[in-house]
Participant: 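What follows is a structure written as structure tokens; I'll ask about it next.
Every value quoted in this text rests on a predicted model; they were computed, and no experiment measured them.
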Amino acid sequence: MSEVIAPARVLVLGAGSIGSFVGGKLAAAGAEVTFVGRQRVLDELEVSGLHLTDLDGGDVAVAGDAVGLATTPEDVGSADLVLVTVKSAATGAAVRDLDGKIRPGTVVLSLQNGIGNDKVIREILPTCVVLAGMVMFNVVHHPDGRFHRGTEGGLAIQDDPALAPFTDVFQRAGLAPRRYPDLLPVQWAKLLLNLNNPINALSGRPLREQLADRDYRRCLALTQREALAAMNRARIRPARLTPLPPELMARLLTVPDGIFRRVAGKVLAIDPVARSSMADDLALGRKTEISWLCGEIVSLGAMVGLPTPVNQRLIELIVAAEHGDKRTWTGPELLEQLRAAAADTVERPRGGH
């Protein structure tokens, strides 16, 4: 008689776009999934369930009564795997709700933007197996429980033997992760790509349309070159996630639109309605993750003694937009802002204070 294997019990801490998509895929693959999130989102999932689609034609539905829904993590002790998908600023508060409820040895996987969220979690949950992970694709949330993967990519996870019990369910879900002995180079490389998030948010355009515009790409090139300079001084070597190494990709961004389409067409293989999560945050009046994107570069620059005025200016523009100031910039307008910030820093040592 064959042994009956119990389904993996998964707690998704943060039922936003990423958490709902990944958790929904795992539920469709047979996992027992509980979502923890805002009441508004939970009500939507209870009524409509989850309808998960992607730009490759994938289409999966999960009934609302097939998953658990909670505003606070209650039945944590039964979880085999916890996916932390809250915004980076909420990491500490969200994970502290697990302290004292979670079994020692439980695998806790951070699927968040930025660098170092896993360290924050590990300090709060020292008896758990805390692993860093990254979601390499964009998810758009439409009404009625519809979540659409609008870009290519999968999951990247820090490798660990504790992941073995979950290999099959991730495989069945179509989310088999790439495993890395050290995820930091991948995290820094993803951060370079995510520096486009504030540019997209300030453009007011879908990602594909924004990236097809040379002036917006020049803005991204300025932020990436500044970031790469700081990384180089800190001896950080980002992984290669694009057809070209990061340094060459930053150069390619500045070529005329026609050449860019021919040489880097894969970069534009994006669903026409997809926007960055930061654009969604601004549209909904939420605080963004700018401190965990451009802010990481500013902090790194300060650590190694290298000015990062372009990333600093993007932080200022996003924070102003969060408070109701101008939210939509044309390519030439935004490029002028960033070039002026860079020029001011270059001139200041010669001009005095």
Participant: When rounded to the nearest 0.5 angstrom, what is the spacing between CG in L111 and CD1 in I18?
Facilitator: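 Taking CG in L111 and CD1 in I18, the distance rounds to 8.5 Å.
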
Participant: With a cut-off of 6.0 Å (strictly less than), are more than 12 heavy atoms of other residues, nucleotides or ligands near CZ of R286?
Facilitator: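 Yes, because the 6.0 Å sphere around CZ of R286 holds more than 12 heavy atoms from other groups.
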
Participant: Taking atom CD of E336 as the centre, does the number of heavy atoms from other residues, nucleotides or ligands within less than 6.0 Å exceed 12?
Facilitator: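 Open: at most 12 neighbouring heavy atoms sit under 6.0 Å from CD of E336.
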
Participant: Taking the basic N atoms (NZ, or NE/NH1/NH2) and the acidic carboxylate oxygens, is any pair closer than 4.0 Å for E316 and R313?
Facilitator: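 Looking at E316 and R313, the cut-off is met.
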
Participant: For the pair V310 and R225, evaluate side-chain contact (heavy atoms from CB on, under 4.5 Å) and give the outcome as yes or no after the intermediate values.
Facilitator: CA-CA 10 Å; V310 174; R225 286 172 177 166; over 6 Å; no

Participant: From L50 CG over to R146 CZ, what is the distance, rounded to the nearest 0.5 angstrom?
Facilitator: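 Between atom CG of L50 and atom CZ of R146 there are 12.5 Å.
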
Participant: Any luck finding a side-chain donor-acceptor pair between E289 and N194 under 3.5 Å?
Facilitator: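 The criterion, which ignores hydrogens and geometry beyond distance, is not satisfied for N194 and E289.
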
Participant: Would you say the side chain of F166 lies within less than 4.5 Å of the side chain of L109, judging by non-hydrogen atoms?
Facilitator: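 No; the side chains remain at least 4.5 Å from each other.
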
Participant: Looking just at side-chain N and O atoms, do N117 and S110 make a donor-acceptor pair shorter than 3.5 Å?
Facilitator: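 Distance-only check fails for N117 and S110.
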
Participant: Can you tell me how far CD of Q224 sits from CG of N311, rounded to the nearest 0.5 angstrom?
Facilitator: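 Answer rounded to 0.5 Å: 10.0 Å.
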
Participant: Does any N or O in the side chain of E322 come within less than 3.5 Å of the main-chain N or O of K287, such that one atom is a donor and the other an acceptor?
Facilitator: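 Not confirmed, E322 side chain does not pair with K287 backbone.
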
Participant: So does T53 get a backbone contact from the side chain of R149, meaning a donor-acceptor N/O pair under 3.5 Å?
Facilitator: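 Here the side-chain-to-backbone pair does not exist.
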
Participant: Could you check T85 against V22 for side-chain contact (heavy atoms from CB on, under 4.5 Å), going step by step and ending with a plain yes or no?
Facilitator: CA-CA 10 Å; T85 55; V22 175; 5.9 Å; no

Participant: Say whether, by atom type as modelled, one donor and one acceptor occur between the side chain of E32 and the main chain of P7 under 3.5 angstrom.
Facilitator: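 A pair under 3.5 Å: no.
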
Participant: If you define the side chain from C-beta out and look only at heavy atoms, does anything of Q112 sit under 4.5 Å from V86?
Facilitator: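 Q112 reaches V86 side chain to side chain.
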
Participant: If we only count heavy atoms from C-beta on, is the L202 to E333 side-chain gap below 4.5 Å?
Facilitator: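 Counting from C-beta outward, L202 and E333 never come under 4.5 Å.
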
Participant: Check for me whether R205 meets the cation-pi criterion with Y216, that is, NZ or CZ under 6.0 Å from the six-membered ring centre and within 45 degrees of the ring axis.
Facilitator: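 Pair R205/Y216 does not count as cation-pi.
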
Participant: For residues H148 and D271, is any side-chain donor paired with an opposing acceptor at under 3.5 Å?
Facilitator: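 Yes, because at least one side-chain N or O of H148 sits under 3.5 Å from a partner of the opposite role on D271.
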
Participant: Going by salt bridge (Lys or Arg N to Asp or Glu O under 4.0 Å), name the pairs with one or both residues in residues 95-114, residues two or more places apart or in two chains.
Facilitator: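 Applying salt bridge (Lys or Arg N to Asp or Glu O under 4.0 Å) to every pair that reaches into residues 95-114, excluding sequence neighbours, yields D80-R103.
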
Participant: L155 and F170: side-chain contact (heavy atoms from CB on, under 4.5 Å), yes or no, with the steps?
Facilitator: CA-CA 10 Å; L155 302 182; F170 273 98; 3.7 Å; yes

Participant: Would V186 and R178 count as a side-chain contact (heavy atoms from CB on, under 4.5 Å) if you check the C-alpha gap in whole Å, the side-chain angles of each, and the deciding distance to 0.1 Å?
Facilitator: CA-CA 11 Å; V186 179; R178 291 192 64 179; over 6 Å; no

